[in-house]
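One structure is given below, encoded as structure tokens.
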Amino acid sequence: MRIDSKKWLASILGNAVRFDEPMSRHTSFRVGGPAEVFAAPESLETLISLVKGCEERELSYTVIGGGSNLLVKDAGIPGIVIVLKKCLSEISFREDQQAGIIVKAQAGASLSALCMKAVKQGFAGMNFALGIPGTVGGGIMMNAGTALGSMENVLESVTVLRPGGKIEEIQRKEMIFAYRKFGCKAGFKPALIMEGCFRLCPGDPEKLKKEADEILETRRKRQPIEFPSAGCFFKNPENGQAAGKLIELAGLKGTRIGGAEISQKHANFIINRDRASSADILALMELIRETVSKRFNVELETEVKIIG
Ligand SMILES: Cc1cc2nc3c(=O)[nH]c(=O)nc-3n(C[C@H](O)[C@H](O)[C@H](O)COP(=O)(O)OP(=O)(O)OC[C@H]3O[C@@H](n4cnc5c(N)ncnc54)[C@H](O)[C@@H]3O)c2cc1C
């Protein structure tokens, strides 16, 4: 990156910018080389100036959330990585007769904070997302979910930042959802989600809390949360089989390359067992794909986003 671009970034962001920032510090996998620029704007005004300035200067940027669905390559990420945790982290509830219960959650807020707040207030609808790490923005982009539901079930509208700093609201009827995928009918990929509005319904706080405890306990038992990972590595194939089951049947549980391992607890989790590199994880990914393809004639697609 040119020196004048670096100077401009330092002038608008101050201490909120870092150069050559290791992405292992910002991903749940705890791997990944440096982001050329890592920006965590502290106000909405700074965020808008940053995005507009990047467009004018033709600097590429990538918005990330909690980094819990990312595998960043060892070579790092060229351009600017933007996180919204400091400038867009509010959650508010609105209840009226016409609209019902609407929760407005900014993209940088944590998804688990949203779920826990809903439980506390006695609002039902978010429990499906309990235990999913990351932010509201990342959850929307991934149409995050479980067997109990996904963002698609509760999302009413999404506010996005469009080129030129224009803020636009996308209504539910304009959204497209697929398995771990979100998009808009207008055809553009929302490069920066600012907030989401979720429609919930009245519930019994005690019942919701009991359900929440059970969901979290089940997740703790089934998932290797004691090791760094990015959750399920592969999507379940369209034929209805579970990717984890195929990996297990292929006899791959416990297989290790370098510091990366296929979890013994849940075969669709690749874990960073011991100082893995991104290359170790990618090699294990390839081994799984090849083995499952040969054994079952199924091509596994990654759920984890590989960047860099
Ligand atoms: C232990 C563990 C368990 C998990 N369990 C589940 C599960 O049960 N169900 C499930 O669906 N997922 C699960 N995941 C995966 C992950 O937590 C989810 O996909 C989560 O929603 C990602 O959110 P994030 O904020 O970390 O997004 P990131 O990983 O940071 O980003 C994901 C994608 O969204 C984009 N993005 C993020 N924020 C924005 C934004 N504001 N605007 C535009 N683009 C954006 C990024 O560029 C990237 O392409 C799990 C992960 C772990 C580590």
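Order of listing sets the numbers, starting from 1, for every ligand and every atom in it.
The cluster map of Ile, Leu, Val, Met, Phe, Trp and Tyr, joined by side-chain heavy atoms under 4.5 Å apart, puts I132 and V119 in different clusters. Under the 4.5 Å side-chain heavy-atom criterion for Ile, Leu, Val, Met, Phe, Trp and Tyr, F227 and F234 are members of distinct hydrophobic clusters. In the hydrophobic clustering of this structure, L59 does not group with I77; members are Ile, Leu, Val, Met, Phe, Trp, Tyr whose side-chain heavy atoms approach within less than 4.5 Å, directly or through other members. Under the 4.5 Å side-chain contact rule for hydrophobic residues, L148 and L155 share a cluster. Cluster membership for L9 and L44, using ILVMFWY side-chain heavy atoms within less than 4.5 angstrom, is shared.
Here the shortest heavy-atom distance to atom 39 (C) of ligand 1, taken over V63, V72, L71, N69, belongs to V63. If you check each of V136, L161, I132, I306 against atom 14 (N) of ligand 1, the one with the closest non-hydrogen atom is I132. Nearest-residue assignment for atom 9 (N) of ligand 1 (options C232, A147, G145; heavy-atom criterion): G145. Of the listed residues (L70, I64, V83), the one carrying the non-hydrogen atom nearest atom 48 (C) of ligand 1 is L70. Here the shortest heavy-atom distance to atom 21 (O) of ligand 1, taken over G139, A107, S229, G231, belongs to G139. Nearest-residue assignment for atom 20 (C) of ligand 1 (options S110, P133, S28; heavy-atom criterion): P133.
Residue, atom and distance of the protein heavy atom nearest to atom 45 (C) of ligand 1 are M141 CG, 3.4 Å. Among protein heavy atoms, atom 8 (O) of ligand 1 sits closest to R219 NH1, 3.0 Å. Scanning the protein for heavy atoms near atom 33 (C) of ligand 1, the closest one is M142 SD, 3.9 Å. Nearest to atom 28 (P) of ligand 1 among the protein's heavy atoms is G67 N, 3.7 Å. Closest protein heavy atom to atom 24 (P) of ligand 1: G66 N, 3.4 Å. In terms of protein heavy-atom proximity, atom 42 (N) of ligand 1 is nearest to I193 N, 2.8 Å. Protein heavy atom nearest atom 22 (C) of ligand 1, with residue, atom name and distance: S68 OG, 3.4 Å. Of all protein heavy atoms, the one closest to atom 27 (O) of ligand 1 is G138 CA, 3.5 Å.
Heavy atoms of R180 found under 4.0 angstrom from ligand 1 belong exclusively to the side chain. Contacts between L84 and ligand 1 below 4.0 angstrom, taking non-hydrogen atoms only, involve the side chain exclusively. With a 4.0 Å cut-off on non-hydrogen atoms, S150 does not touch ligand 1 at all.
A salt bridge between K210 and E206 is absent, with no side-chain N of the basic residue lying under 4.0 Å from a carboxylate O of the acidic one. Between E217 and R220, at least one side-chain N (NZ, or NE/NH1/NH2) sits under 4.0 Å from a carboxylate O, which counts as a salt bridge.
Residue-ligand proximity: A191 is placed with a non-hydrogen atom under 4.0 Å from ligand 1.
Of the polar atoms of G65, at least one N or O is found under 3.5 Å from an N or O of ligand 1, judged by distance alone.
Listed by number with element, the atoms of ligand 1 under 4.0 angstrom from any heavy atom of T135 are 23 (O), 24 (P), 25 (O). Of all atoms in ligand 1, listed by their number and element, those nearer than 4.0 Å to a heavy atom of L192 are 42 (N), 43 (C). Heavy-atom contacts of K305 reach the following atoms of ligand 1: 49 (O) (cutoff under 4.0 Å). Atoms of ligand 1 found under 4.0 Å from any heavy atom of A144, numbered from 1 in the order shown, are 11 (O), 21 (O). Counting atoms of ligand 1 from 1 in the listed order, those under 4.0 Å from a heavy atom of Q223 are 3 (C). For ligand 1 and G134, the ligand atoms under 4.0 Å from any heavy atom of the residue are 23 (O), 24 (P), 25 (O), 26 (O). The ligand atoms of ligand 1 that sit less than 4.0 angstrom from a heavy atom of P190 are 43 (C). In summary, the atoms of ligand 1 found under 4.0 Å from a heavy atom of T146, numbered by their order in the structure, are 8 (O).
A side-chain donor-acceptor contact under 3.5 Å links K185 to the backbone of K173.
Within 6.0 Å of CG in N297 there are 12 or fewer heavy atoms belonging to other residues, nucleotides or ligands. Other residues, nucleotides and ligands place no more than 12 heavy atoms under 6.0 Å from the NZ atom of K245. Within a 6.0 Å sphere centred on CD of E226, heavy atoms belonging to other residues, nucleotides or ligands number more than 12. Residue E55 qualifies as enclosed at atom CD: its count of foreign heavy atoms under 6.0 Å is above 12.
In terms of the side-chain hydrogen bond (donor to acceptor under 3.5 Å, both in side chains) criterion, residue partners of R273 (sequence neighbours excluded) are, by chain and number, E261. In this view, F38 and H26 satisfy the ring-ring contact (aromatic ring centres under 6.0 Å, His included) rule, not counting sequence neighbours.
E299 and S293 share a donor-acceptor pair across their side chains, judged by distance under 3.5 Å alone.
With ring centers used as reference points, F269 lies 6.0 Å or more from F233.
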